[in-house]
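This report concerns only the one structure given below.
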Amino acid sequence: MSKIENTNQLPEWFKIENYQAADSFGSLEWYKQLAQRRHFLTLLEYRSDARQEMRELAESAFNRDIQYIRGVSVEKAHLPIFHENHCLLEHLKQNKRGVSSLTFRHLCEHARNLDSHYLRPFEWFRELYSISHKTNDNEGGAADYPLTLSSHLNMTEHMATALVDLNLPDDVLINGFTSWLTELRQAQKTEKDKRYHKPAFHRWARYGVLPFLDLEIWKIETKQKLPDRVVAAAIFPFSDFGEGNLRKTTKFHAQRLMNDLSELQALAALELSLPTHTP
């Protein structure tokens, strides 16, 4: 493991001018680019998996896909596995507005996200069947726990599921949904501020979130020691941004986004559904 002392030691593919287009990105393009980086970080996490089959799959997928974003301008950096047959766009269309019908596809996506079932997602369905048929004398057994799911490109269990009786009037259903949502948020301690602030995309571009993530991926991949001062100098070559500012702004936003893309996913889906959008 070597230590990078200056920007001259960074890989040749890293060129800060390749990220200029991020200034004009809206929610959909930001989601595409950040979801791709989350994909690579996940693959790198699996490199240390105890299962050899999983390690080999992750290594192969990483080497296959990384070539599509390195040294490429961000407006052209699109992974085929995300965009062939409009795969990502179709996924977003199915999840617009943050509320959509639950499908078997959602269940399969969740099963694949589970570390113990990634290679054999069908085993999760067998476990569900087993749990649902267990007798439990205590009220509120495992079969009656609220079912929360992860989703495509978001491995946190952020999607709640509900039964909706379509025989009831809309007013009754809306009131019931409000009560159900309040109770669920309180139980899971996921209450959200009622005030909503749209993400400041221009700040993500100004702080260099995308180049930071690309260097972070390279650092993890190659096991290099990459000081924050070198990263700051690479992302902000014409200013004395400094490692302190990098940690407070760039790194803060990048880590928060990699932990949870669900809000940005919902915004991207809404943008995609607008009549003015053209694929």
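Owing to the predicted nature of the structure, the values given are computational and were not obtained by experimental measurement.
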Worksheet entry | Positive for side-chain contact (heavy atoms from CB on, under 4.5 Å) with Leu215, one of Val231, Val230, Leu210 |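 Going through Val231, Val230, Leu210 one by one, the side-chain contact (heavy atoms from CB on, under 4.5 Å) with Leu215 is satisfied by Val231 alone.
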
Item to complete: Indicate yes or no for a side-chain donor-acceptor contact from Gln33 to the backbone of Ala77 under 3.5 Å, with no hydrogens or angles considered.
Response: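 Such a contact is found between Gln33 side chain and Ala77 backbone.
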
Got more than 12 heavy atoms from elsewhere within 6.0 Å of [atom1], [X]?
{"X": "Asp240", "atom1": "CG", "value": "no"}
{"X": "Arg206", "atom1": "CZ", "value": "yes"}
{"X": "Gln52", "atom1": "CD", "value": "no"}
{"X": "Lys248", "atom1": "NZ", "value": "no"}

Looking at every non-hydrogen atom in both residues, tell me the closest pair between [X] and [Y] and how far apart they are.
{"X": "Ser27", "Y": "Leu267", "answer": "OG-O, 3.3 Å"}
{"X": "Trp218", "Y": "Ile4", "answer": "CH2-CD1, 4.0 Å"}
{"X": "Ile69", "Y": "Leu79", "answer": "CG2-CD2, 4.0 Å"}
{"X": "Ala205", "Y": "Trp30", "answer": "N-CZ2, 3.6 Å"}
{"X": "His78", "Y": "Gln36", "answer": "CA-OE1, 3.2 Å"}
{"X": "Glu243", "Y": "Ala232", "answer": "N-CB, 4.2 Å"}

[X] with [Y]: basic N within carboxylate O range, under 4.0 Å:
{"X": "Arg55", "Y": "Glu45", "value": "no"}
{"X": "Arg38", "Y": "Glu216", "value": "no"}
{"X": "Asp228", "Y": "Arg247", "value": "yes"}

Check: [X]/[Y] side-chain N/O donor and acceptor closer than 3.5 Å:
{"X": "His202", "Y": "Asp23", "result": "no"}
{"X": "Tyr207", "Y": "Asn245", "result": "no"}
{"X": "Ser60", "Y": "Arg64", "result": "no"}

Discussion item. What's the separation between atom CZ in Phe62 and atom CD1 in Ile217, rounded to the nearest 0.5 Å?
Written reply: 6.5 Å

Fill in: Distance, nearest 0.5 Å, that separates CG of Leu10 from CG of Asp214
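Going from the CG atom of Leu10 to the CG atom of Asp214 covers 12.0 Å.
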
Item to complete: Hey, can you tell me if Phe177 and Trp180 have their rings parallel, tilted or perpendicular (30° and 60° cut-offs)?
Response: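 Rings of Phe177 and Trp180: tilted, 30 to 60°.
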
Item to complete: Please state whether the rings of Phe241 and Phe236 are parallel, tilted or perpendicular, taking 30° and 60° as the class boundaries.
Response: parallel

Item to complete: List for me each residue that meets side chain to side chain contact (heavy atoms under 4.5 Å, CB included) alongside Glu5, sequence neighbours excluded, and say none if there are none.
Response: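 Partners of Glu5 by the side chain to side chain contact (heavy atoms under 4.5 Å, CB included) criterion, ordered by chain and then number, come out as Lys3, Gln9, Arg229.
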
